[in-house]
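Everything below concerns the one structure shown next.
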Amino acid sequence: MANDTASLMDNIINLCKRRGFVFPSSEIYGGYNGFFDYGPLGVELKNNIKQAWWKDMVHRRDDIAGLDSTIIHHPTTWKASGHLENFTDPLVDCKESKMRYRADQLFFAPVVVAGETIGYVSVLEDDTMQEKAEQQAHDLKRKLAKQGELGPVVLKDLTEAAAEEIPLIPSPATGKPGSLTPPRSFNMMFQTYVGALQDASSLAYLRPETAQGIFINFKNVLDTGRFKVPFGIAQIGKAFRNEINPRNFIFRSREFEQMEIEFFISPEADWKTLHTGWLDYCMAWFDSIGIPREKLSLYDHPKEKLSHYSKGTTDIMFEFPFGVQELQGIAARGNFDLTQHGNTSGKPFDYFDEATKTKYIPHVIEPSVGVDRVFLAVLTAAYSEDEVEGEKRTVLRLHPRLAPFKAAVFPLVKNKPELLARAEEIYKKLKRRWNVFFDASGAIGRRYRRQDEIGTPYGITVDFDTIEKDGTVTLRDRDTLEQIRLSEDDLIKFLEEKIEG
RNA sequence: GCGGGCGUAGCUCAAUUGGUAGAGUACCACCUUGCCAAGGUGGAUGUUGACGGUUCGAGCCCGUUCGCCCGCUCCA
């Protein structure tokens, strides 16, 4: 049984590979770190997740419209959004302790005594770093037995250090200078060139989030759709981040897919209540596709760690096999993005509110979720092993809405032409509406088990009663193993209710 | 990017001091099979992750590289 977390994750990765859900990308060339391909069953599951989301977020609501923007936007988009400046992490390594620091969180100062620089001190960013640095400066002065007045300790972060200063700055880990590397920049946006010339003027970026495509189309959607605030724009699409260290299978990859909504509200609106409303709505949605509430939790980002644009962010966390991690972020973004794009483009995004006769730039609530993370969460929640008549059984308890195959049709045995013909007939009929599977080879029990492992919720078996007596078939439930007999009409009604209801 | 571990058939793993790869399972075909991985017969499958070196000879030793896992770091 998969009782320890490592083997549960291994089992899921293994099943994904073996049954064609997820492959390492470019596997014949040795794989490519941070990229994954979705196989025949994976693409079905992934599409079903996206379709369920689209249906519940867009089609079943009156106040949300869809959008599909390009992956490459005008490069100025990223200047306005702040990503060009803020989506870069300058990092510094200590070669001795092997510790890694963010250069903008590691501060240093020269220690000046009587006008002469006698050495350097370094501290990690926190509330008391100035005091700590001054204490270190005093200690250094005493240690070197220098006479004279200690100059003011002026802290700067490592990104401002001159090249010749780096070897003199002590590592916070060892307290000794000489082991820090110069800050190296890890820009997380993938770059490319648009057009024939590869120079600075043609530099462009693959989007690191789908959100900006929504913001830059705000006015287009507003002008054509007769929408009134509050309303939202939803988008599903690929996003790219050059992660330093992709980890945990498809959880953090370099090419991934997002489902994002920007829900525009009045600046006067009670954003906290709306924010909470979205949290509840999204939690309920997860529950409806088979991600149980007991595996979900909330995490409020501490105020001081919020991104430049955010008034408040709450993550919906999921208990993955490798730990509790973010599944969805729900941010109150204020009107930072619309304001920025308005100012930068010179086309202000003022909205005239007929109800209050006021003009304003709307604020947003942004529920943003990764398709691949939902995919992994769904698999984690669905994966189970049990025992049937003494034999171990692997079963994916996927919600019928998400299951790659909705049902599998079997003739009880395959050497009776009448059984085979009738089963094929039912299969073809069902296939017009749903993705169903047909299998005639091997013992019936084995065929059930094969479908259990890929999450097919129903097995439909054509037996001798079907062709000789009343025309009913048996319908076998994946989770309970129970069988009922249904006429063909009742079968269709049953599937309709379970899959679409 | 650093440290540690690992890489052999689709999967799980063997292969003696270095002597040019094998099992189980899965898969395909046929036979058998009246409801939960039954049985029989036959079949296909590998540049041992890649490249280079040492050697008469490398899955095994050495180097490089790619990938995976764990820890650190990162994750607006």
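Within every chain, numbering begins at 1; the chains are lettered A, B, ... in the order of the sequence lines, protein sequences first and strands thereafter.
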_Contact letters for nucleotides 25-35 of chain B, in which S counts primed atoms plus P, OP1 and OP2 and B counts the base, heavy atoms under 4.0 Å_ = -SS--S--BBB
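- In this structure, C28(B) forms a base pair with G42(B), meeting either the Watson-Crick or the G-U wobble geometry with both donor-acceptor distances under 3.5 Å.
- Residues N11(A) and Y383(A) are in side-chain contact: their nearest non-hydrogen atoms beyond the backbone lie under 4.5 Å apart.
- Aromatic rings of F240(A) and F256(A) (six-membered ring for Trp) have centroids beyond the 6.0 Å cut-off, not under it.
- In this structure, the ring of F375(A) has its center less than 6.0 angstrom from the ring center of Y38(A).
- Side-chain contact between V371(A) and Q258(A): absent, with no pair of heavy atoms (C-beta onward) separated by less than 4.5 Å.
- For F215(A) and F218(A), the ring centers are positioned 6.0 Å apart or more.
- Taking the ring centroids of F251(A) and F322(A), they lie under the 6.0 Å cut-off.
- Comparing C56(B) with G18(B), their P atoms sit 15 Å apart, to the nearest whole Å.
- If you check C72(B) for Watson-Crick or wobble pairing at under 3.5 angstrom, you find it paired to G1(B).
- A distance of about 14 Å separates the P atoms of G7(B) and U16(B), rounded to the whole Å.
- One atom, CG of N14(A), and another, P of G10(B), lie 13 Å apart when rounded to the nearest Å.
- Put simply, CG on N248(A) is 12 Å from P on C72(B), counting in whole angstrom units.
- In this structure, CG of D10(A) is placed 14 Å from P of C68(B), rounded to the nearest angstrom.
- The gap from the P atom of C27(B) to that of A37(B) amounts to 14 Å, rounded to the nearest Å.
- Between the OH atom of Y32(A) and the C1' atom of U65(B) there is a distance of 14 Å, given to the nearest Å.
- The gap from the C1' atom of C60(B) to that of U48(B) amounts to 10 Å, rounded to the nearest Å.
- Protein atom CG of N33(A) is 12 Å distant from nucleotide atom P of C70(B), rounded to whole Å.
- Checked options V462(A), D490(A), I484(A), D465(A); the residue passing with V473(A) is V462(A) (criterion: side-chain contact (heavy atoms from CB on, under 4.5 Å)).
- A50(B): Watson-Crick or G-U partner is U64(B), with both key distances under 3.5 Å.
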